[in-house]
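One structure is given below, encoded as structure tokens.
Since we're looking at a predicted model, the values are computed, not measured. Counting begins at 1 with the first residue of the sequence.
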Amino acid sequence: MSLAEIQNAISERKICVLIPTYNNEKTLKRVIDGVLNYTESIIVVNDGSTDSTLQILNRYPQITVISLPQNKGKGNGLKTGFRKAKELGYNHAITIDSDGQHYPDDIPVFVEALLQEDKDVLLIGNRNMSQDGIPKKSSFGNRFSNFWFWFETGIRLEDTQSGYRLYPLHKIPKKYFTPKFEFEIEIIVRTAWRHVPVKNIPIKVLYDPAERVSHFRPFKDFTRISILNTILVTITLFYIIPRNFVNNFKKKSFKRFIKEDVLESDGSNRTKAFSIALGVFIGLSPFWGFQTLLVISLSVLFKLNKVLAFVASNVSLPPFIPFIIAASLFLGAPFVHGDSNFLSQDLNFELIKNNLLQYVIGSFILSTTLSAITGISTFLFLNKLNPENN
């Protein structure tokens with residue numbers, strides 16, 4: 001696309017460029033001048049800078065400047081900018097760091113990608129983290145972040161930490177809980193949870209130690225990010241995955257569920273069979289209260305199908321619990337000289353408490369046996385329907 005076409009698209013799609021900045025006097029002017037080649041729809045959030053940032057910004061009367069009295073972190077700066085952008089009527093915001101690592105001439109890459117999608121999408125610039133000059137800690141941190149983003153959303157990205165992004169302003173959450181660098185993780189995870197596509201697009205990156213000023217504090221910020229990921233993983237396991245499963249199941253007939261979520265899901269027939277077998281084993285084992293956590297964690301560890309494993313683990317739904325208890329006690333009785341004449345008693349957790357060892361042994365026998373039977377049966381069934389997917 002030509003420069004004029006890019007400028008027209010930015011205007012028609014109501015795109016602004018948001019620049020949060022804190023003490024980046026060496027590079028700020030270069031970044032603003034580069035963005036002005038494409039648009040004057042610029043919002044700069046001066047996050048309590050103590051250098052010459054304010055004097056630099058005063059040279060640009062055509063842009064919107066928000067000066068905060070105190071530095072409260074990049075996340076707070078972005079939230080402030082998003083609110084202002086929506087007040088001004090923008091639909092999208094391209095965020096670009098002011099430390100000079102991003103090239104303003106990559107703005108057309110975001111605009112063209114948005115036009116090709118022709119729908120609301122969150123785009124993240126994909127930097128080449130293997131190029132010379134990239135700090136090893138940045139490369140490791142990116143891989144770490146990519147893994148947890150995949151765990152929490154099921155979306156595989158090559159770069160989740162780049163601050164060069166395009167946000168759909170009316171699709172991102174309205175309230176947030178983090179104020180600093182971890183905000184950029186929170187917003188992409190929670191936006192993905194709202195079923196908004198999150199994608200990478202290739203961009204250039206420059207790491208110049210003579211100019212670049214980074215405010216990332218390795219220990220403190222990495223700790224904050226780790227705490228955030230712990231919370232997000234917990235929400236994923238106990239709310240997001242069950243919610244998505246219930247919603248998807250409500251929308252589909254059983255035949256469609258088998259076709260789309262079983263036959264056409266990721267993985268070979270063997271992987272799918274192992275996934276279902278794992279779910280059955282965990283669902284019937286005495287791990288009450290931890291079944292969802294275990295089945296999803298083990299699915300990730302062994303690279304199995306999380307959806308199928310989770311579905312199969314629901315074999316222990318409340319209507320089936322009395323039968324599971326009865327079968328477990330019956331199978332465990334011969335090994336501990338327990339009472340097998342329990343059918344005349346109420347099948348409840350008090351009965352389990354009084355015959356705990358009998359129940360635990362029997363439940364593992366039951367879970368192992370039915371897991372093996374279910375796994376083998378599933379593999380044979382899938383292999384008959386789709387033999388080439390082994």
Side-chain angles (χ1 to χ4, degrees), residues 1 6 9-10 13 15-21 24 27-28 30-32 34-35 37-39 41-45 74-75 77-78 81-82 85 90 92-117 119-135 137-150 153 155-169 171-172 181-189 191-192 196-208 211-212 214 216 225:
M1 296 177 67
I6 293 294
I10 291 174
R13 291 299 182 111
I15 303 171
C16 69
V17 177
L18 172 59
I19 308 174
T21 188
N24 284 127
T27 52
L28 178 59
R30 186 174 77 229
V31 173
I32 295 176
V35 175
N37 291 328
Y38 301 95
T39 181
S41 299
I42 301 174
I43 300 173
V44 177
V45 180
K74 186 178 182 181
L78 288 171
F82 290 151
Y90 293 110
H92 301 86
I94 296 175
T95 59
I96 181 171
D97 291 347
S98 62
D99 60 5
Q101 69 163 298
H102 300 147
Y103 288 82
D105 61 14
D106 274 329
I107 287 176
V109 177
F110 286 91
V111 176
E112 290 176 5
L114 178 63
L115 296 177
Q116 290 175 2
E117 291 289 335
K119 62 182 176 182
D120 288 313
V121 62
L122 196 161
L123 301 172
I124 302 176
N126 181 14
R127 302 162 295 174
N128 179 9
M129 301 300 290
S130 62
Q131 74 181 49
D132 293 338
I134 303 294
K137 63 181 181 181
S138 296
S139 181
F140 168 78
N142 193 49
R143 292 196 301 272
F144 179 85
S145 178
N146 295 347
F147 170 79
W148 287 116
F149 179 75
W150 167 74
T153 66
I155 301 172
R156 293 187 182 275
L157 296 179
E158 296 181 6
D159 191 348
T160 53
Q161 289 197 314
S162 171
Y164 209 171
R165 303 177 177 185
L166 183 145
Y167 289 98
L169 292 173
K171 293 294 183 178
I172 58 177
F181 283 99
E182 69 274 18
F183 170 82
E184 291 183 297
I185 296 174
E186 178 192 352
I187 190 172
I188 62 173
V189 171
T191 300
V196 176
V198 181
K199 299 183 179 183
N200 275 146
I201 57 172
I203 61 168
K204 303 183 293 293
V205 64
L206 171 66
Y207 276 83
D208 185 349
E211 288 191 336
R212 185 170 183 262
S214 175
F216 185 84
I225 290 171

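Ile201 is listed as a side-chain neighbour of Phe110, based on a closest heavy-atom distance under 4.5 Å. Proximity of Glu112 to Ile6: side-chain heavy atoms (C-beta onward) are separated by under 4.5 Å at one or more points. You'll find the side chain of Tyr167 reaches within 4.5 Å of the side chain of Ile187, heavy atoms only. Residues Ile15 and Ile107 are not in side-chain contact: their nearest non-hydrogen atoms beyond the backbone lie 4.5 Å or more apart.
Ser145 is linked by a side chain to side chain contact (heavy atoms under 4.5 Å, CB included) to Thr160, Gln161, Ile185, counting only residues two or more places apart in sequence or in another chain. Residues passing the salt bridge (charged side-chain N to carboxylate O under 4.0 Å, His left out) test with Glu117 are Lys199, sequence neighbours excluded. With sequence neighbours left out, Glu184 forms a side chain to side chain donor-acceptor pair (under 3.5 Å) with Lys74. By the side chain to side chain donor-acceptor pair (under 3.5 Å) test, Asp106 is found to be paired with Lys204, residues two or more places apart in sequence or in another chain being considered. In terms of the ring-ring contact (aromatic ring centres under 6.0 Å, His included) criterion, residue partners of Phe183 (sequence neighbours excluded) are, by chain and number, Tyr176. For Phe149, the ring-ring contact (aromatic ring centres under 6.0 Å, His included) test picks out no residue, with sequence neighbours left out. Take Tyr164 and apply the side chain to side chain donor-acceptor pair (under 3.5 Å) test, not counting sequence neighbours, and it matches no residue. Checked against side chain to side chain contact (heavy atoms under 4.5 Å, CB included), Asp120 has the following partners two or more places apart in sequence or in another chain: His92, Pro168, Lys171. Partners of Ala93 by side chain to side chain contact (heavy atoms under 4.5 Å, CB included), not counting sequence neighbours, listed by chain and number: Cys16, Phe82, Leu169. Residues passing the side chain to side chain donor-acceptor pair (under 3.5 Å) test with Tyr90 are Ser41, sequence neighbours excluded. Scanning for side chain to side chain contact (heavy atoms under 4.5 Å, CB included) contacts around Asn37 gives an empty result, with sequence neighbours left out.
Panel note: side chain Asp159, backbone Arg127; a donor-acceptor pair is recorded below 3.5 Å. The main-chain N or O of Asp99 is never found under 3.5 Å from a side-chain atom of Asp97 such that the two would form a donor-acceptor pair. No donor-acceptor pair closer than 3.5 Å links the side chain of Ser98 to the backbone N or O of Ile19. Of the possible polar contacts, none joining the Thr95 side chain to the Leu18 backbone as a donor-acceptor pair under 3.5 Å is found.
Atom CD1 of Ile188 sits about 12.5 Å away from atom CD1 of Ile172, to the nearest 0.5 Å. Expressed to the nearest 0.5 Å, how far NE2 of His102 lies from CD1 of Ile96 amounts to 7.0 Å. Between the CZ atom of Arg165 and the CG atom of Leu78 there is a distance of 8.5 Å, given to the nearest 0.5 Å.
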**OP:** Could you give me the CA-CA distance, side-chain angles and deciding distance for Ile124 and Leu157, then say whether side-chain contact (heavy atoms from CB on, under 4.5 Å) is met?
**Re:** CA-CA 9 Å; Ile124 302 176; Leu157 296 179; 4.1 Å; yes
**OP:** Mind running side-chain contact (heavy atoms from CB on, under 4.5 Å) on Leu115 and Arg13 for me, showing each step along the way?
**Re:** CA-CA 9 Å; Leu115 296 177; Arg13 291 299 182 111; 3.7 Å; yes
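Of the residues listed (Ile10, Val35, Leu166), the one engaging Val17 in a side-chain contact (heavy atoms from CB on, under 4.5 Å) is Val35, and it is the only one.
Heavy atoms only, all atoms of each residue included: Ser162 and Ile203 are closest at OG-CD1, 3.9 Å. Val121 and Pro197 make their closest contact through CG2-O, 3.4 Å (heavy atoms, listed as atom of the first residue, atom of the second, distance). Nearest approach of Pro104 to Gly34, heavy atoms of both residues: CB-C, 3.4 Å. Glu158 approaches Asn146 most closely through the heavy-atom pair O-ND2, 2.9 Å. Heavy-atom minimum distance, Ala192 versus Ile155: CB-CD1, 3.9 Å.
Ring geometry for Trp148 versus Phe144: interplanar angle over 60°, hence perpendicular rather than tilted (30 to 60°).
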